[in-house]
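Below is one structure, written out as structure tokens, with a few remarks after it.
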Amino acid sequence: MPDIVRIRGVTKRFGQFEALRDVSLSIAEGEVVCIIGPSGSGKSTLLRCINNLERIDGGLIEVGEEIIGYRLAGGRLHELPDRLQARQRSRIGMVFQQFNLFPHKTVVENIIEGPLVVRGTPREQALAEAQRLLERVGLAAKAASYPGQLSGGQQQRVAIARALAMNPSLVLFDEPTSALDPELVGEVLEVMREMARSNLTMLVVTHEVAFAREAADRIVFMDHGRVVECGPAEELLARPSHPRTREFLAAVRK
Amino acid sequence: MPGKVPPPLADGSANRLAPPAGPAAPDVAHSVVHRVRYGRYVSVALILIVLAVIVRAFAVGKIDWPVVGEFLFSSLMLWGIVNTIVLTACAMVLGILLGLAAALMGNSNNPVLRGTAAGYIFVFRALPALLQLLIWYNLALIFPVIWLPGIVEVATTKVITPFVGALLAFGILQGAYTSEVIRSGLLSVGKGQVDAARSIGMTQAQALRRIILPQAMRVIVPPIGNETIGMVKFTSLASVIQYKEIIYGAQAVYYANGRVIELLIVAAFWYSVVVAILTYVQSHIERHYNRSQAPVAVQEAA
């Protein structure tokens with residue numbers, strides 16, 4: 001499978017703080033990659049940079065055939081206008097820790113918003129697609145509810161449906177279960193497992209080591225803004241090569 | 001908490017469902033004797049006295065009530081109401097547009113735009129409304145001719161009618177206040193909403209129009225409603241530059257017939273009517289934007 005994401009030497013600073021230092025990572029089409037690591041290690045920042053919600057200070061991120069945020073012409077990178085940056089984002093789904101559903105719109109309106117406004121999909125078609133997605137995440141009955149009337153787990157499943165509605169080539173998950181009550185984590189992970197099986201390319205920042213072991217093709221361990229270690233899920237969890245990884249896994253498993 | 005009596009309800013009625021829990025007989029419902037609220041009797045008495053004095057003053061004062069009735073529906077007054085409403089509406093529309101522009105500029109990353117917005121807000125909040133009104137009305141003293149090369153060239157005095165002068169003064173003044181209201185409304189929408197809107201591929205303009213502004217409305221609408229009601233009364237200042245609103249109508253009559261207080265009562269009546277209607281409209285608009293308030297609260301708690 002060809003690589004769909006190529007991250008090369010990416011750095012990102014917030015003032016003096018270096019959130020990402022020379023991060024490189026490739027993801028093949030259809031691959032599921034989980035990023036684990038202590039908080040503040042740059043996992044979420046990396047995700048936000050891939051979707052261009054944060055601007056990088058160095059390096060290059062390519063998704064599909066395109067350089068994120070820029071256009072290469074005459075040996076130089078030209079910053080893209082807002083409209084084209086938005087178009088790039090529309091092909092990359094993102095699921096947030098805090099769901100970030102639009103509270104003033106119903107569940108189904110949340111899902112058709114992107115297709116309708118960004119893609120110009122006819123309403124009938126968008127609605128049919130939304131209903132199909134809601135069935136896929138097991139919430140067909142909640143189409144007319146407002147996000148605030150749903151549990152956290154249900155909201156997150158709607159958020160996943162909203163991301164899928166744009167038919168993305170890659171979906172980024174930013175700690176999708178961290179804000180959930182423990183008994184609601186399972187339903188969200190179940191939907192994500194189903195997505196992983198359906199050959200969707202996924203990059204998941206997570207603390208759920210069990211999920212990573214089961215669903216991920218590869219696991220990336222990050223610490224202090226760097227990729228410390230990266231390898232097949234079983235192998236990295238069973239035989240971490242770096243002492244920092246061992247330390248982290250030991251702490252998580254306690 | 002043993003021995004703690006539940007607080008009495010606001011209207012003073014007994015909370016019969018919850019008997020006072022005492023160590024002697026916790027499960028038996030006793031009848032409750034409330035303490036006498038002397039302060040309440042005293043305040044009622046005082047208020048009644050003051051009201052009586054005021055009513056008597058209006059009754060025995062030199063007010064010719066038939067004159068009030070005579071001019072209540074006079075065409076001068078009715079036109080005054082129309083003009084008051086027209087000026088209020090136009091000034092608020094101009095104020096909201098300028099306020100939105102200034103709010104977006106104030107939240108911008110561009111320091112020039114931010115500075116311009118701050119300067120605009122400072123200047124027009126610093127000067128009294130009456131002063132601004134007079135300056136706009138006398139604009140011809142600074143710019144005798146309004147001139148855009150090849151498009152228009154007219155004498156400023158022809159353009160600045162009392163209506164235009166008042167519209168500019170109140171609209172631009174209002175924009176300075178409204179921009180702060182809109183800015184706080186925009187800030188009240190969580191950053192995650194912008195992220196989510198952008199993640200599904202919306203441009204900044206789309207995110208603002210479809211996601212941010214509709215949610216900001218909940219914060220923006222109540223104060224703008226108040227300011228609209230304030231504007232109704234502000235427009236009375238425009239009588240100074242001969243704009244024919246309610247006060248101007250009342251003055252025009254009492255300069256002729258000398259019935260000052262009667263005409264002021266007529267004006268007061270019509271202001272109350274306009275404000276009462278606007279208050280009613282405002283409460284409906286607020287209810288509209290509050291539809292999904294509960295969901296917001298739950299989501300934030302999650």
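Labels below follow one simple rule: chain letters A, B, ... track the order of the sequence lines, proteins then strands, and each chain is numbered from 1.
- Interface residues of residues 109-128 of chain A toward chain B, defined by a heavy-atom distance below 4.5 Å and sorted by number: A:E113, A:G114, A:V117, A:V118.
- Within 6.0 Å of CZ in A:R87 there are 12 or fewer heavy atoms belonging to other residues, nucleotides or ligands.
- In this model, no donor atom of one side chain and acceptor atom of the other lie less than 3.5 Å apart for A:R193 and A:S198.
- Without hydrogens or angle criteria, B:Q215 side chain to B:I212 main chain gives no donor-acceptor distance under 3.5 Å.
- With hydrogens and angles disregarded, no donor-acceptor distance shorter than 3.5 Å links the side chain of A:E31 to the backbone of A:L203.
- Residues of residues 160-169 of chain A placed with any heavy atom under 4.5 Å of a heavy atom in chain B are listed by number as A:R162, A:M166.
- Between the side chain of B:Q282 and the main chain of B:P222, a donor-acceptor pair closer than 3.5 Å is present.
- A donor-acceptor pair under 3.5 Å is absent between the side-chain atoms of A:R55 and the main chain of A:N52, judged by distance alone.
- Residues of residues 79-86 of chain A lying under 4.5 angstrom from chain B, judged on non-hydrogen atoms, are A:D82, A:R83, A:A86 by number.
- For a residue to count as touching a neighbouring chain, one of its non-hydrogen atoms must lie under 4.5 Å from one of that chain's; by this rule A:L53 touches chain B with backbone and side chain alike.
- The closest donor-acceptor contact from the side chain of A:Q156 to the backbone of A:F96 lies under 3.5 Å.
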Let me see the working for A:R157 and A:L134 under side chain to side chain contact (heavy atoms under 4.5 Å, CB included), right down to the final yes or no.
CA-CA 8 Å; A:R157 288 188 278 156; A:L134 279 174; over 6 Å; no

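- Shown here is A:K142, whose NZ atom has no more than 12 heavy atoms of other residues, nucleotides or ligands within 6.0 Å.
- Classification of the B:W136-B:F124 ring pair by plane angle, with boundaries at 30° and 60°, yields parallel.
- In the displayed structure, B:F143 atom CZ is contacted under 6.0 Å by at most 12 heavy atoms of other residues, nucleotides or ligands.
- Of all residues in residues 195-210 of chain B, those placing a non-hydrogen atom less than 4.5 angstrom from a non-hydrogen atom of chain A are B:D195, B:A196, B:A197, B:R198, B:S199, B:I200, B:G201, B:M202, B:T203, B:Q204, B:Q206, B:R210.
- Counted by atom type alone, A:E135 and A:Q131 present zero donor-acceptor pairs between their side chains at under 3.5 Å.
- For the pair B:R125 and B:Y177, the cation-pi criterion (under 6.0 Å, within 45° of the ring axis) is fulfilled.
- Looking at B:T84, its side chain does come within 3.5 Å of a backbone N or O of B:I246 through a donor-acceptor pair.
- Ranked by non-hydrogen atom pairs under 4.5 Å with chain A, the options B:G192, B:G190, B:P214 are led by B:G192.
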